[in-house]
Student: 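Shown below is the structure under consideration.
As the structure lists them, so they are numbered: ligands from 1, and atoms in each ligand from 1.
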Amino acid sequence: MDNRGRERDYRADFPIFRQNRPLIYLDNAATSQRPACVLEAERDFYEKQNANPMRGLYELGLEATDCYENARKRVQRFLHAGKAEEIIFTRNTTEALNLVAYSYGVSHLRPGDEILVSIMEHHSNLLPWQMVAARTGAVLKFLECSPDGRLTQERIRGAFTPRTRLAAVTQVSNVFGRVNPIREITRIAHEQGAVVVVDAAQSAPHIPIDVCGLDVDFLAFSGHKLLAPMGIGVLYGKEELLQAMPPFLTGGEMIERVGRYDAVYAPLPHKFEAGTVNAGGAAALGSAIDYLEQIGFQALREREDSLTALALEHMKEIPGVHVLGSEDAGEHCGILTFTVDEVHPHDVASILDADHIAVRAGHHCAQPLMDYLKVPSAVRASIAFYNTEEEIRAFTESLSQVRRKMGYGE
Ligand code: PMP
């Protein structure tokens with residue numbers, strides 16, 4: 001355990017908690033809060049380097065380009081990617097996954113090919129593949145999980161066939177919080193000649209990612225869940241795959257030369273970054289990564305796990321409360337999705353909100369998973385390293401009152 005990590009007051013770094021309003025923010029899986037250094041990095045770009053990157057041949061324009069490209073190199077190191085050209089900036093995870101679906105999926109898949117999608121995918125990693133299947137005649141197949149959210153060896157082996165061409169899997173489910181065995185999946189997929197698309201929206205904020213070690217073909221994440229602003233996201237893709245793909249969006253900045261009737265596209269990564277880019281967001285994402293790595297993933301994880309363990313221990317004692325997924329707090333990445341007997345999740349969220357506790361209630365954009373679990377709707381509390389033990393206690397105390405407030409026994 002990194003003791004520096006334990007002693008530091010992380011909350012002091014986050015301006016939102018300095019406001020004079022009560023707020024226990026437990027919706028970190030929906031979007032994180034942002035530390036001052038990240039907000040300053042974005043502001044710094046606009047105050048000191050603002051020009052349209054890759055366009056101006058004057059000093060400020062070159063500085064703006066450097067700032068943007070340095071952020072790309074920062075993300076490359078964060079993901080342990082081989083080359084900066086393999087990092088494409090997008091708006092978010094959803095756009096990154098759609099890029100792969102429209103560009104790779106539509107042009108590579110044929111009738112009868114199989115697309116394997118896990119049952120626990122967020123709609124953002126399901127609908128693009130439904131679209132590809134509808135357009136190409138490929139068949140969508142599902143990799144089922146156990147009721148507690150485990151993707152077992154047998155299930156993985158059994159789901160791949162020689163016709164599987166692409167597998168789309170989340171590294172961490174936004175409902176269960178468990179880390180899926182991505183290395184195992186890429187090994188089996190590659191034996192069958194399939195590519196693997198990983199949704200890292202919920203994993204990137206919690207665990208170190210090594211795209212080469214995992215041998216993933218594509219991987220996407222959103223800046224806004226990782227302390228960075230909304231509107232900046234990342235797609236990693238293996239160079240040889242990206243090279244062979246047509247552009248997703250076309251227009252300015254993604255070209256080398258344009259004639260009346262045709263165009264030569266720019267090399268990677270710019271081929272996939274049409275139009276003016278979000279350079280301020282990219283700079284801020286670089287700063288967010290610096291901030292996280294300075295704390296260190298180990299310290300971060302230990303802190304999140306200990307807060308999650310505290311919450312889970314108290315939740316298990318509250319009659320009528322049922323947590324989805326593992327019994328082990330270390331297998332949640334801070335995500336605790338639960339139901340309360342006889343009380344609608346929206347009522348649970350409203351009662352918690354009356355105590356200034358922010359949680360999410362609904363289907364969590366994972367309706368096929370909720371159908372499989374026969375849980376139409378649930379509440380999700382998601383914990384970050386800047387939450388405190390007092391906040392967790394206030395949450396479980398408020399939760400313990402929910403059934404009584406709704407007129408049911410304890
Ligand atoms: N995948 C997962 C697992 C998510 O939790 C989310 C965000 N809820 C997304 C994808 C979509 O992220 P975004 O809205 O930033 O594109």
Side-chain angles (χ1 to χ4, degrees), residues 25-34 38 75 88-102 117-131 142-143 145 149 151 167-182 185 196-207 209 216 218-236 248-249 278 281-282 284-285 288 304 324-325 331-337 345 349 358-370 372-373 377-384:
Y25 188 72
L26 294 177
D27 197 16
N28 295 287
T31 196
S32 69
Q33 298 299 345
R34 289 144 241 311
V38 168
V75 174
I88 315 290
F89 282 119
T90 63
R91 276 190 305 141
N92 48 40
T93 304
T94 305
E95 187 178 86
L97 295 168
N98 272 275
L99 190 163
V100 182
Y102 277 94
V117 179
S118 103
I119 188 68
M120 66 178 81
E121 293 313 303
H122 186 281
H123 297 162
S124 291
N125 202 23
L126 171 61
L127 272 67
W129 308 114
Q130 291 180 348
M131 178 281 295
F142 286 87
L143 167 56
C145 64
L151 295 177
V169 187
T170 191
Q171 190 168 21
V172 167
S173 144
N174 63 317
V175 172
F176 295 119
R178 192 196 292 276
V179 180
N180 287 329
I182 297 298
I185 292 170
V196 178
V197 184
V198 172
D199 174 351
Q202 294 296 346
S203 53
H206 301 282
I207 58 172
I209 295 177
V216 298
F218 298 100
L219 180 138
F221 74 90
S222 296
H224 72 90
K225 293 184 197 280
L226 188 128
L227 315 180
M230 297 181 187
I232 186 77
V234 168
L235 173 68
Y236 158 82
F248 171 39
L249 300 172
N278 181 359
L285 175 58
E304 286 172 351
L324 302 181
E331 293 186 321
H332 280 271
C333 284
I335 290 174
L336 294 170
T337 304
V359 295
R360 179 89 176 264
H363 54 58
H364 308 291
C365 300
Q367 279 183 312
L369 173 66
M370 304 305 264
Y372 161 68
L373 296 173
S377 175
V379 189
R380 182 184 67 193
S382 48
I383 297 165

Student: Can you give me the closest heavy-atom contact between Gly325 and Phe176, atom names plus distance?
Tutor: CA-CD2, 3.6 Å

Student: Could you tell me whether the side chain of Asn278 and the main chain of Gly231 form a donor-acceptor pair under 3.5 Å?
Tutor: yes

Student: What are the two closest non-hydrogen atoms of Pro229 and Val38, and how far apart are they?
Tutor: CD-CG1, 4.1 Å

Student: Quick one, list the residues around ligand 1 where some non-hydrogen atom comes in under 4.0 Å, by chain and residue number.
Tutor: Asn92, Thr93, Thr94, His122, Ser124, Thr170, Asn174, Asp199, Ala201, Gln202, Ser222, His224, Lys225

Student: Just by distance, do the side chain of Ser382 and the backbone of Asn28 share a donor-acceptor pair under 3.5 Å?
Tutor: yes

Student: After noting the C-alpha distance and the side-chain angles of Asp199 and His122, does the key distance pass the side chain to side chain contact (heavy atoms under 4.5 Å, CB included) rule?
Tutor: CA-CA 9 Å; Asp199 174 351; His122 186 281; 4.3 Å; yes

Student: Hey, which of Leu324, Val175, Asn174, Val359 is the one that makes side chain to side chain contact (heavy atoms under 4.5 Å, CB included) with Arg380?
Tutor: Asn174

